[in-house]
Number of protein chains: 2
Amino acid sequence: MRSVDPLEDTSPAPDDRTTRARIRDSAISCFAKHGVADTTVRKVAAAADVSPGSVIHHFGSMEGLRLACDQQVAAAIRDRKGEALSSGPQLDMLASLRSAEYGSLAAYLAQVLAEDSPAVAKLVDDLVADAEVYLGQGVDSGMLRPTDDPRGRAAIVALWSLGALVLHRHMDRLLGVDLTNPDVAADPAFLNYLRPAVEVMGTGLFTDAFAAQAKESLDPPGETDQ
Amino acid sequence: MRSVDPLEDTSPAPDDRTTRARIRDSAISCFAKHGVADTTVRKVAAAADVSPGSVIHHFGSMEGLRLACDQQVAAAIRDRKGEALSSGPQLDMLASLRSAEYGSLAAYLAQVLAEDSPAVAKLVDDLVADAEVYLGQGVDSGMLRPTDDPRGRAAIVALWSLGALVLHRHMDRLLGVDLTNPDVAADPAFLNYLRPAVEVMGTGLFTDAFAAQAKESLDPPGETDQ
DNA sequence: TAGGATATTGAACATGCGTTCAGTCGATCC
DNA sequence: GGATCGACTGAACGCATGTTCAATATCCTA
């Protein structure tokens, strides 16, 4: 496995990837940097040092290239799934997406998560399913509170975190935290995000009285056996 | 004020908006429906029943049109600010964005919130500032817990909610809740979102012991006067 | 080594985009 | 009535896009 973003690799080691892999990895970086709409076949070709025709030859179309990138990113995340599951709940819920293999992984996700794409939909579904498992492990180990709705909770927590990633520009501007930066965990400013997030995750936002009132308004007594 | 989305207005009442306003409102609906990249001047012109040249005549460029739409949406939200501030904290944090004026408002935001646009940045900054105020009111009224970092908390809560809106497709697929639907509050499935959200906001996710441990790992004793 | 298969190229194509522009029309003013 | 202005049109323009394609290069196998 390469330890830096392929596009930023300046080492003299020969590139042992196939042209196809090189193109695909360059495309991931381009999509991450320019966004989906502004990434053209010519930009990808230039980044991979091939011709536009070669890009189309390998992937059939830009659409095919996008699909291949989605699938590659999903595979990279899947490869780290065991690691996430074995490390249990973390304060930084996006940690497992800061892959050492693709420095652009988080930035790529930030660009594609809101796209209407079956591959991305599957990726998110898998991430939520994984979250449900490791949140369950957290309950078993006494770190997390039990819930009547493990799946709903996992979906909410995962989509909040992923949504924050998609809105990384605003997070950066407001709290000085760049969630697409693979090394954000080493940035002291990261605490600006972690502290309030952990506060909400730790004690909630509502007072006990208001929380009880809110819960009752959603599930009035006598209707608890739905 | 019109009470339905302009594009969906089938009443025979004469349209008293200027052509400029009609075009702008049609554009908001187009951006909401097709996204920013796939909304062309010809689509907007067709929706507004004018020529493409007329669109450009009024707004100078597609970029000018986008800016006008951002500003109009921001104004519509600003108009509802007093209402949000006077109603205090709500279980549904996106309620103030379900404008009766624009059925497409939430869907428009879902499309543009991740765009790199100064107008959108300002809009989000304003929303966070508003959130800080009404969360503060919630603390004063005893509904919400006090915090050492009102601004950080407001940013997190707002960006989580807005992020969930941006990822509305996944939310819909996973929990059957369409957050861009202006009438989602009347949909029984909305509880699928509210229950886990209120649970996390109510009691948090972490157990008391883990929350204390987590807080201490972020702010070790002896370093509390930062 | 020859031949077939595959990879790659750079030019060209077809299409659609945002924008420009000359002309028309209606309203207003002198 | 004529001049001016603003609104609007539809055709055309200049440009960029994704894709196609014929020619060439490279690789692999018998």
Side-chain angles (χ1 to χ4, degrees), chain A residues 6-7 14-72 108 111-112 115-120, chain B residues 6-7 14-72 108 111-112 115-120:
Chain A
L7 259 196
D15 195 334
D16 59 351
R17 291 167 299 171
T18 63
T19 300
R20 189 178 192 276
R22 263 199 309 111
I23 294 171
R24 185 202 60 217
D25 291 349
S26 295
I28 288 171
S29 296
C30 283
F31 286 128
K33 181 175 180 183
H34 304 294
V36 173
D38 290 343
T39 292
T40 61
V41 63
R42 288 165 173 84
K43 274 181 186 161
V44 174
D49 199 27
V50 296
S51 71
S54 196
V55 175
I56 301 297
H57 170 82
H58 281 284
F59 297 95
S61 64
M62 283 300 286
E63 192 173 320
L65 175 61
R66 255 299 313 289
L67 178 60
C69 291
D70 286 345
Q71 290 171 340
Q72 175 62 17
Y108 180 85
Q111 299 280 9
V112 308
E115 295 279 328
D116 188 4
S117 145
V120 170
Chain B
L7 258 197
D15 194 334
D16 60 351
R17 289 168 298 171
T18 63
T19 300
R20 189 179 192 279
R22 262 197 310 112
I23 295 172
R24 185 203 59 217
D25 292 349
S26 295
I28 288 171
S29 296
C30 283
F31 286 127
K33 181 175 178 182
H34 304 295
V36 173
D38 289 344
T39 292
T40 62
V41 63
R42 288 166 174 86
K43 275 182 187 160
V44 174
D49 198 28
V50 296
S51 71
S54 195
V55 175
I56 302 298
H57 171 81
H58 281 283
F59 296 95
S61 63
M62 283 300 286
E63 193 174 318
L65 175 61
R66 255 298 311 290
L67 179 61
C69 292
D70 286 346
Q71 291 172 341
Q72 176 63 16
Y108 181 84
Q111 299 281 9
V112 308
E115 295 280 327
D116 189 4
S117 144
V120 169

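This is a predicted model, so every value here is computed, not measured.
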Distance (rounded to the nearest 0.5 Å) between Lys33(A) NZ and Gln111(A) CD = 12.0 Å

Derivation and outcome, side chain to side chain contact (heavy atoms under 4.5 Å, CB included), residues His34(A) and Thr40(A) = CA-CA 9 Å; His34(A) 304 294; Thr40(A) 61; over 6 Å; no

Phosphate OP1/OP2 of dA7(C) contacted by Thr19(A) side-chain N/O (<4.0 Å) = no

Give the rounded distance in Å between these two atoms: CZ of Arg22(A) and C1' of dT8(C).
-> 11 Å

Whole-Å distance between dC8(D) C1' and Arg20(B) CZ?
-> 16 Å

Step by step, would you call Asp70(B) with Tyr108(B) a side chain to side chain contact (heavy atoms under 4.5 Å, CB included)?
-> CA-CA 9 Å; Asp70(B) 286 346; Tyr108(B) 181 84; 2.6 Å; yes

Write down the distance between CG (Asp38(A)) and C1' (dT17(D)), rounded to a whole number of angstrom.
-> 12 Å

Quick one: does Arg17(A)'s side chain have a donor or acceptor within less than 3.5 Å of a partner on Arg22(A)'s backbone?
-> no

Euclidean distance, Arg66(B) CZ relative to Thr39(B) OG1, rounded to 0.5 Å | 9.5 Å

Residue whose nearest DNA chain D nucleotide is more 5′ - Ala37(A) or His58(B) | His58(B)

Atom pairs under 3.5 Å: protein N/O with N/O of nucleotides 19-28 of chain D:
from    : atom 1 : to       : atom 2 : distance (Å)
dT19(D) : OP2    : Met62(A) : N      : 2.8

Closest listed nucleotide, where the reference is the side chain of Thr40(A) and the choices are dT8(C), dG10(D), dT17(D) | dT17(D)

Compare every heavy atom of Ser61(A) with every heavy atom of Ile56(A), then report the nearest pair and how far apart it is.
-> CD1-CA, 4.0 Å

Short side-chain N/O contact from Ser54(A) to OP1 or OP2 of dT9(C), under 4.0 Å = yes

